[in-house]
Amino acid sequence: MRVVRLLRLRAALTLLREVPRRLASRGVPGSRRTQKGSGTRWEEEKREDGVKWRQLEHKGPYFAPPYEPLPDGVCFFYDGKPMRLSVKAEEVATFYGRMLDHEYTTKEVFRKNFFNDWRKEMTVEEREVIKSLDKCDFTEIHRYFVDKAAARKVLTREEKQKLKEEAEKLQQEFGYCILDGHREKIGNFKTEPPGLFRGRGDHPKMGMLKRRVMPEDVVINCSRDSKIPKPPAGHQWKEVRSDNTVMWLAAWTESIQNTIKYVMLNPCSKLKGEKAWQKFETARRLRGFVDEIRSQYQADWKSQEMKTRQRAVALYFIDKGEAADTVGCCSLRVEHVQLHPEADGCQHVVEFDFLGKDSIRYYNRVPVEKPVYKNLQLFMKNKDPQDDLFDRLTTTSLNKHLHELMDGLTAKVFRTYNASVTLQEQLRALTRAEDSIAAKILSYNRANRAVAILCNHQRATSSTFEKSMQNLQTKIQVKKEQVAEARAELRKARAEHKAQGDGKSRSVLEKKRRLLEKLQEQLAWLSVQATDKEENKQVALNTSKLNYLDPRISIAWCKRFRVPVEKIYSKTQRERFAWALAMGGEDFEF
DNA sequence: ATACGGACTTAGTACTTATACT
DNA sequence: AGTATAAGTACTAAGTCCGTAT
């Protein structure tokens, strides 16, 4: 169902993309001089290559609060009998107990991993008794946490205010650092609390215990001459170092996959902003190379060398957005594609069906050029379903090739480029200057949506969707009736004025006219909302908005069409894109 | 050549806060 | 004032890509 819908939207998008592209003029790629200067924050002197800061000072991460044992009245039962657990075992039991109503706890892998790790936390005696998860009864524990959550909801205004102030105090103390003399916001200043690992898709490690992070696990990164953060009383840092070629302030190794987690700056920080800007400048630079690159890989479809052919087809997929990246593309297996000589009235159709990032399904049927089709037939010949489609291709060799085509070019750049170009084209095609603000916003969201569909950014239909749609429809109905009523009254007032011809009846007439206008406007806005909502059901806009769309495109559009930028970007989004807002640029072209 | 680890970006969902409604 | 819903933010898993070790 969802797939079919997305397919339809994709088809529509493909049509829209055929709109002839107006040749855009723009400044020197990558040049800062092309932007309007504004204030000092984005225009400080450059650091030498690879150096991220000269001064870095912070308080270290804020640690998750220690475990609070359950009150006496809350008990765990084994095989129907109450059982008092040791603190360590109890803590892990609460991780499971609070998830009891979650689907995870029905999954065999999750249960097995949890039980296995839980037993490691038990005392010898406990391990002797607790041998089967099926005999464990966590319901009291579960109820305890449900009640606790409910209690939080009904706090008085004052109590809530107090909690808010405490959070704010914490944010002020731990949530900022000093970087090269500027106070910058940190992204994640709290260590991740212990709990049960929730992998996405059918992750083999789901349910495993994610250990509590201790100061002894944490490496601190700060400048030598800064105030070195103090570890919590009675504890030590694993290490304190001063590496100004990296952006992280603290790091630790997590216990599930043995990978490093970092404390980094918030996206609104100058450093992150500069990186994002740089990213978009690289993508803009691709504009000047993309025609050449395309004709080159098309020529390579007929190369003598198998490796070159595979690379050329892979690159075509990356460019077309059928694969997000080199890794995804290079690891495409025979079982992920199906070839149809003819489908949906098109020739040479490739059907993709595979799980991408976060186990999100990518399904698409696309007509491809004949040589691509022929090549795929060749690549699939005499292979098992599990074999690599591009067996002669590695991520390293493909990326190396990309670097030769353009400095700084990677597969990711194509995504950014295609997303931003699509937004710009769509905005051009959809926006009408004479439209109301509401209609313009709908156009913007549609353009954004086109990109999100292109990038396969999906979301689960919210459980309350049907209900809230119903509510909206009811509102529209009510508004329609109000409009009808206002129209009738206007008619009456007009007749009255015609008969009387006096000032009083004229002012009544004016008032009725204004009322009708206002109601019609409200109705228009409501129906725009309804359309937007329906189209947005299973498409997530934020990922592309935050990561792939050059904000300068949106800002220029807002200025050109007199749409307040707050209608497009929320407060934090405006902070994240402060660098772009500072540049102004009504006539920015990507 | 390949594997692996480190650093940084991207991703969907869970949770919180603001706003609309009664 | 209290509640329902929408909007916005926080969280953390899962990617990419690079450099280095094997």
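In what follows, chains are A, B, ... by sequence order, proteins preceding strands, each numbered from 1.
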**OP:** Taking all non-hydrogen atoms of both residues into account, name the closest pair between A:W248 and A:N221 and its distance.
**Re:** O-ND2, 3.1 Å

Original post:
Do you know which two heavy atoms are closest between A:L56 and A:C177, and how far apart they sit?
Top reply: CD1-SG, 4.1 Å

Proximal nucleotide (of [options]) relative to the [X] side chain:
| X | options | answer |
| --- | --- | --- |
| A:A540 | C:dA14, B:dC8, B:dG12 | B:dG12 |
| A:K210 | C:dT12, C:dA14, B:dG6 | C:dT12 |
| A:N471 | C:dT5, B:dT2, C:dT9 | C:dT5 |
| A:K190 | B:dA7, B:dT13, C:dC11 | C:dC11 |
| A:T543 | B:dA11, C:dT9, C:dA14 | B:dA11 |
| A:Y262 | B:dT16, B:dA7, C:dA14 | B:dA7 |
| A:R200 | B:dT13, C:dA13, C:dG8 | C:dA13 |

Presence of [X] side-chain N/O under 4.0 Å of [N] phosphate oxygens OP1/OP2:
| X | N | result |
| --- | --- | --- |
| A:H457 | B:dA11 | yes |
| A:K475 | B:dC21 | yes |
| A:S570 | C:dG8 | no |
| A:N188 | C:dA10 | no |
| A:Q573 | C:dG8 | no |
| A:K261 | B:dA7 | no |
| A:K467 | C:dT5 | yes |
| A:K272 | B:dT9 | yes |
| A:R415 | B:dA11 | yes |
| A:K571 | C:dT9 | no |

Original post:
Is the distance between the ring centroids of A:Y548 and A:H457 under 6.0 Å?
Top reply: yes

Subject >> Aromatic centroids of A:F189 and A:H58 separated by under 6.0 Å >> reply: no

Rounding to an integer number of Å, can you tell me how far [X] [atom1] sits from [N] [atom2]?
| X | N | atom1 | atom2 | result |
| --- | --- | --- | --- | --- |
| A:R198 | B:dT13 | CZ | P | 12 Å |
| A:L196 | B:dA14 | CG | P | 15 Å |
| A:K545 | C:dA7 | NZ | P | 12 Å |
| A:L541 | B:dA11 | CG | P | 13 Å |
| A:Y548 | B:dT10 | OH | P | 6 Å |
| A:Q278 | B:dC8 | CD | P | 12 Å |
| A:W252 | B:dG5 | CH2 | C1' | 18 Å |
| A:K412 | B:dC8 | NZ | C1' | 8 Å |

With sugar-phosphate meaning primed atoms plus P, OP1 and OP2, does [X] contact a base, only sugar-phosphate, or nothing at under 4.0 Å between heavy atoms?
| X | answer |
| --- | --- |
| A:M247 | sugar-phosphate |
| A:T259 | nothing |
| A:P267 | nothing |
| A:E254 | nothing |
| A:G356 | sugar-phosphate |
| A:K533 | sugar-phosphate |

**OP:** Assess whether side-chain hydrogen bond (donor to acceptor under 3.5 Å, both in side chains) is satisfied between A:E159 and A:T156, documenting all intermediate values.
**Re:** CA-CA 5 Å; A:E159 288 168 319; A:T156 63; 3.1 Å; yes

Original post:
Is the count of non-hydrogen atoms from other residues, nucleotides or ligands lying under 6.0 Å from A:K59 atom NZ greater than 12?
Top reply: no

Original post:
Without hydrogens or angle criteria, can the side chains of A:K533 and A:S468 be said to hold a donor-acceptor pair below 3.5 Å?
Top reply: yes

Aromatic plane relationship, [Y] with [X] - under 30° parallel, 30 to 60° tilted, over 60° perpendicular:
| X | Y | result |
| --- | --- | --- |
| A:W579 | A:F280 | parallel |
| A:Y417 | A:F590 | tilted |
| A:Y362 | A:F352 | perpendicular |

**OP:** Nearest-nucleotide wise, let me know which of A:A251 and A:K164 is further upstream toward the 5' end of DNA chain B.
**Re:** A:A251

**OP:** Please tell me which of A:T253 and A:L546 maps to the more 5' nucleotide of DNA chain B, matching each residue to the nucleotide holding its nearest heavy atom.
**Re:** A:T253

When you compare the protein's N or O atoms with those of nucleotides 18-22 of chain C, which come within less than 3.5 Å of each other, and at what distance?
{"unit_1": "C:dC18", "atom_1": "OP1", "unit_2": "A:H403", "atom_2": "NE2", "d": "2.9"}

**OP:** Assign each of A:L472 and A:E192 to its nearest nucleotide of DNA chain C by heavy atoms, then name whichever residue's nucleotide is nearer the 5' end.
**Re:** A:L472

Original post:
DNA chain C: A:S468 or A:H203, which has the more 5' nearest nucleotide?
Top reply: A:S468

